[in-house]
Structures are given as C-alpha cells and as structure tokens.
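Working notes, beginning with the structure itself.
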Amino acid sequence: AMLRASLRQVSAALKEGRVTPTELCQRCLALIKSTKFLNAYITVAEETALKQAKESEERYKRGQPLGILDGIPVAVKDNFNTAGIETTCASNMLKGYISPYNATVVQKLLDQGAVLLGKTNLDEFAMGSGSTDGVFGPVRNPWSYSKQYKEKSVPKSHSEDEDFNWVITGGSSGGSAAAVSSFTCFAALGSDTGGSTRNPAAHCGVVGLKPTYGLISRHGLIPLVNSMDVPGILTRCVDDAAVLLGSLAGHDPKDSTTIQDDFKPFELPNLTDLSKLSIGIPKEYHAPGLSSEILALWSKAADLFKNAGAKVVEVSLPHTRYSIVCYHVLCTAEVASNMARFDGLEYGHRSDKKESTESMYAATRREGFNDVVRGRILSGNYFLLKQNYEKYFVKALKVRRLIANDFVKVFRSGVDILLTPTTLSDAAPYMEFIQEDNRTRSAQDDILTQAANMAGLPAINVPTALSERGLPVGLQFIGRSFQEKQLLTVAKWFEKQVQFPMIQLEEVKRHDSCVLQHQKSASFS
Amino acid sequence: QKVSVEVLGHLEHLALVDFRDSEGVERLRKAIQFADQLHEVNTDGVEPMDSVLEDRCLYLREDDVTEGNCTRELLENAREKVEEYFVAPPGNIPLPKLEEQDAFLQGS
C-alpha cells in the first residue's frame, strides 16, 4: 500500500512493478468508500477507473508506459466536463448532465494514462469559499478526523456526535483538496477564480497551485469568470505539482485565451544559493482579521529566507483592499453572462412550465440555481444596467488595472517572489462557518488570494505548520507571470525547510500496511 | 439607498431569475453597498483592463471544419426534442410584471 506516497514515488513503484495500477486503483476506491463521510466525491467512476487501470497495467507489462502519470489515480473537480461521466457543478441545474466531451485538461490526463477515480464536490458552480453550498452537501475537512486535531479539541460535556466539531475544507475546490489530503488520489484538479484552489489547499494541508492565466486551457471548465478562471492543481508536494503542470500546460487551439508560447515541462532544482533571490512582503496583506498565529508564521518564514541569505524586503501593493470589491463587481457581471446559457433547452434541468419560453426559462432557473448563484446573477445584471455600466463595471475594470499595476511595479523593482499568508485563520468549524452568508464569507476569505487572479499571476499555497487547534496553516507565494519554474523552485525549498507533518488519520491506518515515507519529527512551529 | 420596484422587475426580466423574497432584495442592496467602495479609488486617466493578456495577440484558428457530426451526442442531454430539433415553448410572450409574477409562477 502506497497511498501516502508522493505521485513521483508511486510512479516509480509502478515502473518497478512493486505495485500494479489495478491494485493501486482498487486501494484508492476502497479508501474512498471508507472515507465517504468526508463527502469529497460526488461521482465515483469505479468501472471506468478500473478499466483505465487495467489498460495501464497492460502498458507497464509491455514496458511501454505513457509517462510518469500512467496508472496514477487522480480526481477532478465536478465543474470540468468529463465524457460519459456526470458533471453537476454541485447544482440542480446540471444534475444528470452527462458530458459529451472531455475538458482539455481531463483529456491530457487521460492521454497520459492517468486513472480518473471520480468527480469531486464543490460549492455550487464554484461560488463560495467553504465547499458548503453545493446540492450534495458540504465537504468535511479530513483533518477534522486527525489525531492532531482531536488531541487539541476540548472534549464536549454531553456525549455525542464527535462529528459536531468537524471543520470545513475551505473552497470552492474543497472536494479535490480533501481527496488529496485523505490519500484517496495522488493529485486532483480544482479551479481558481478568487482563491478556490489555494484556500482549501491551505485548510487541508496540501499544495495548491494557481497557474498564470493563459498557461493552462480552460476548454471544458464550466466558466465562472472568463477573465480570471484557471484550472488549479492540488497535490501533496511541490514536485508533484510541477509534474502535473508539465502535463497540462501549453497552448490549446480550443481555448483562445491560452498563450501560444512553447511550454517546456521542467524538473525542479534543489535551491542551495538564495543570495540572488529577493522576497517581497506586501504590508497590505497584514489584513484585518489575520490571526496572530498566522502572522507569527509569516514572520518566521520571512526570517527563514533572510537567514538563508535571500534579500527580504517589505513592499506595498496599495490597492489590495479594493481587490475584493473589484472582484465582486467583475465576478457577478461575468456570472450574469455565463449563467445565461442555462435555460433548460439543450441540457440540464428543465422546468415543466410550457406557457412560454420566458416562463420556462425563469422557472428552470428558479428551480435549478441556489440562492448564492441567483444572487450573483441579479447583482451582476444590476452592475451591467445602462445606468450603472460606467459607474460599476467600467470602474471595476479600471481598478483592476491599478491592482495589476501594483504587482508590475513591485516586480520591476527587483522582487522575484512575494510571500503572504493564504488565509486569515485555520479552518473554521462548519457550525460556525454557516453563521455568515456566502457573500460575506467569500469577501472575508478571498482577501489574500483574490489579487493574484485579478492580475493573472501564478500563486501557490505551501502547507507550513499546524495551528494551535491542530489544523493546517499554509503560506502563499506569488510569482511573476509565466515564471512557474522560479515560483515552484522557491516553494519547494520552503517546503523542505518546514517539514509539514503528515496527517494522522485513524481510518487510513487500517488500510495502509506500509507507509512509504515518514516525515521528520522536527516541525516548523 | 433603495432600489426601485421598476428596477427590481427589470432585473428579474433581464436575468430570468427571481429575487424570491425580501431577503433576495436585501442581498442586492448589500451587494450594491459593498460595490460602492470602488468609488473611493481615483481612476482618473486609467484605462479599463479587459484582460491580463491584453498585450498579446489573440489566437485565431483557421476557418476550417475540423470536427462535427455529433448531433446524436448533442441531443442526448436535451429533455424535449423532435427529430433533430430542440423543442421550446412559444416565444414572444412576455412575463407578467413583478407584482403579478408570483401568482403567475405559482399558478397552472
């Protein structure tokens, strides 16, 4: 059993015949079943996964694997189209919708022999920061069931449901993050529009990479905000993220927003000399509400770089606090447009109303969308009204330029990478999280991640340490456009320094007789 | 700052999505209030930014047919169809105004 291994390790094991793709697939499927309470998966494609595993096995037997991803079980967020497999976006609007095609990124994974285990849970149409607002229910953070969290939990006086204390995954790619974090797959695809890959990565203790806008194809990713969406990569370590990036990046004729430059997959070097590296610490990321724990970790991380010889400087991104407001307007406006395709005629839910097209559309959308989605559509339409267009939509586009320029100025001044917290605090208990509405939560939680989407920059969450409550806390690195190699190299160095502890899941132990790798006991905090 | 009933009705017609209740309307009011913070920013002389890739040339494919013949697949997900047509209820029948709408949507 090698479920806790990294993708590269298990790939080597497959090549050497220490484990077969079928065995691996079966173990993952079994683990998915036994961790069903996490609600990370909406659809488990058991039959097709086993078929893919078998085909992979044949290739290994012939000594002709397709590459490093051959036979590797992966999971995909349920807003990516997957041929023959239901794609719901966790919405009633698409329940029962069987995609007729594969999203380009899904096709790429399959072409390289990856085994698609299933579709993961999310907030409805990727709107949200908790993975709590989908029609299939909320996703539970695997760390809720970890020894580390349970040890720090105050025991309840009344006997009960230890489930009461479970914490959220963050979102909206919570299912993917939970799937990777609980060892049911070696990598998962998420999407990132305002932080939707990095936020749950931070809360679930996994690596979450948001690539530069234009690097990875969005063809087949059901769009939220066309000018900001990117497919996100979730893995257990930075090297694995580089592998996935190598398989997915590159121009796609089917997505005209992908750049045409040649992309060369890369391996990450081990950084030894940091003297030429300049790390920027944006002071505005010391946002209101940032927990003192995370502030301390951030500071410690800055010192770590300083002591290793890097130049660490405080920088300013003055328009940071408007990023979330700007996002709110641009996102709702694009959503109003993107959601217009759901009218019940060609696919998805269709209401029974027959009096007129308008009444059928209205009823279909009333029945198919949840409050969050409908709220954003209505707000978006408001901002796009003739009398509001200049005042809100165009204004937001101008503010967007100011935000993007802030980054350009900082990078031009010699800074290579920015170091910031990813989230304001560790994962909240579900019962607490749902006290506030979705928009308020998103506005709070996206504050540190959103600007990177606004500017189209690559950013990555690296799990850093455990909080006092025993839950993961991550830090974020933001890089220059299309400089993923540099970004990941620095992230990898940092990952090695902090030695983030492995989750100790009681359930997982029963299924895993052989742990391939032990994390060192020294930890960052 | 209230949003007039006319605008609310207009939005519902444009969006073909309803506010459903006062909570929905309140949500819009809060959204507008939140967005108003944008006006604190001085954007004199700043051009709107449509895309972060604005400095690059958009890729255009050659106008050649490279795939198709997938009528069956495309029709599979539609609920109502006849031969190779998607079937829609009659058009050009406007929805009633906001005040009458609840009754309309709940009726028949």
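Reminder, nothing fancy here: chain letters follow the sequence lines and each chain counts from 1.
- Summarising the local packing, CD of B/E80 is surrounded by more than 12 heavy atoms from other residues, nucleotides or ligands at distances under 6.0 Å.
- For A/M228, no part lies near chain B; criterion is any non-hydrogen pair under 4.5 Å.
- For a residue to count as touching a neighbouring chain, one of its non-hydrogen atoms must lie under 4.5 Å from one of that chain's; by this rule B/E76 does not touch chain A.
- Judged purely by atom type and a 3.5 angstrom limit, A/D229 has no side-chain atom pairing as donor or acceptor with the backbone of A/P223.
- A distance-only check finds a donor-acceptor pair linking the side chain of A/N453 to the backbone of A/T193 [under 3.5 Å].
- Not a single donor-acceptor pair under 3.5 Å links the side chain of A/H349 to the backbone N or O of A/G344.
- Contact of A/L385 with chain B is made through the side chain alone, with heavy-atom distances under 4.5 Å.
- Side-chain contact between A/T258 and A/L215 is absent, with no heavy-atom pair separated by less than 4.5 Å.
- When atom types are taken as modelled, the side chain of A/E86 and the backbone of A/G96 share a donor-acceptor pair closer than 3.5 angstrom.
- Ranking A/R400, A/Q387, A/E346, A/R376 against chain B, the residue ahead of the rest is A/E346, based on heavy-atom pairs under 4.5 Å.
- For chain B, no part of A/F342 is nearby; none of its heavy atoms comes within less than 4.5 Å.
- Summarising the local packing, CD of B/E40 is surrounded by more than 12 heavy atoms from other residues, nucleotides or ligands at distances under 6.0 Å.
- Heavy-atom pairs under 4.5 Å with chain A peak, among B/V17, B/V7, B/L75, at B/V17.
- Both the backbone and the side chain of B/K30 come within less than 4.5 Å of a heavy atom of chain A.
- In this structure, chain A has heavy atoms under 4.5 Å from both the backbone and the side chain of B/L38.
- Contact count against chain B (heavy-atom pairs under 4.5 Å) is highest for A/V399 among A/V399, A/V394, A/T257.
- For chain A, the nearby part of B/N42 is the backbone; its heavy atoms alone come within less than 4.5 Å.
- Contact tally against chain A (heavy-atom pairs below 4.5 Å) for B/V41, B/N92, B/L58, B/L14: the top residue is B/V41.
- Heavy atoms of A/S351 lying under 4.5 Å from chain B belong exclusively to its backbone.
- With A/N81 contributing its side chain and A/G220 its backbone, the two residues share a donor-acceptor pair below 3.5 Å.
- Residue contact with chain B, scored on non-hydrogen atoms closer than 4.5 Å, involves the side chain of A/A404 exclusively.
- The closest donor-acceptor contact from the side chain of B/N77 to the backbone of A/I98 lies under 3.5 Å.
- Salt-bridge check for B/D36 with A/K395: failed, with every basic side-chain N at 4.0 Å or more from each acidic carboxylate O.
- Comparing A/L378, A/I377, A/D371 by heavy-atom pairs within less than 4.5 Å of chain B, the highest count is held by A/L378.
- More than 12 heavy-atom neighbours from other residues, nucleotides or ligands sit within 6.0 angstrom of NZ on B/K81.
- Chain B forms more heavy-atom pairs under 4.5 Å with one residue of A/H251, A/M360, A/K354, A/R350 than with any other, namely A/R350.
- Inter-residue side-chain proximity for A/L330 and A/F393 is flagged as met; some heavy-atom pair is nearer than 4.5 Å.
- Interface residue B/H10: only side-chain heavy atoms are found under 4.5 Å from chain A.
- Judged by distance alone, the side chain of B/Q37 and the main-chain N or O of B/F34 form a donor-acceptor pair under 3.5 Å.
- At distances below 3.5 Å, not a single donor-acceptor pair connects side-chain atoms of B/T43 with backbone N or O atoms of B/V46.
- Of all residues spanning residues 60-73 of chain B, those with a heavy atom less than 4.5 Å away from chain A's heavy atoms are B/R61, B/E67, B/E73, arranged by number.
- The part of B/F86 that comes within reach of chain A is its side chain, from C-beta onward, which places non-hydrogen atoms under 4.5 angstrom from that chain.
- For A/V329, the part lying under 4.5 angstrom from a heavy atom of chain B is the side chain only.
- A/R365 and A/E367 are not joined by a salt bridge, as no carboxylate oxygen comes within less than 4.0 angstrom of a charged side-chain nitrogen.
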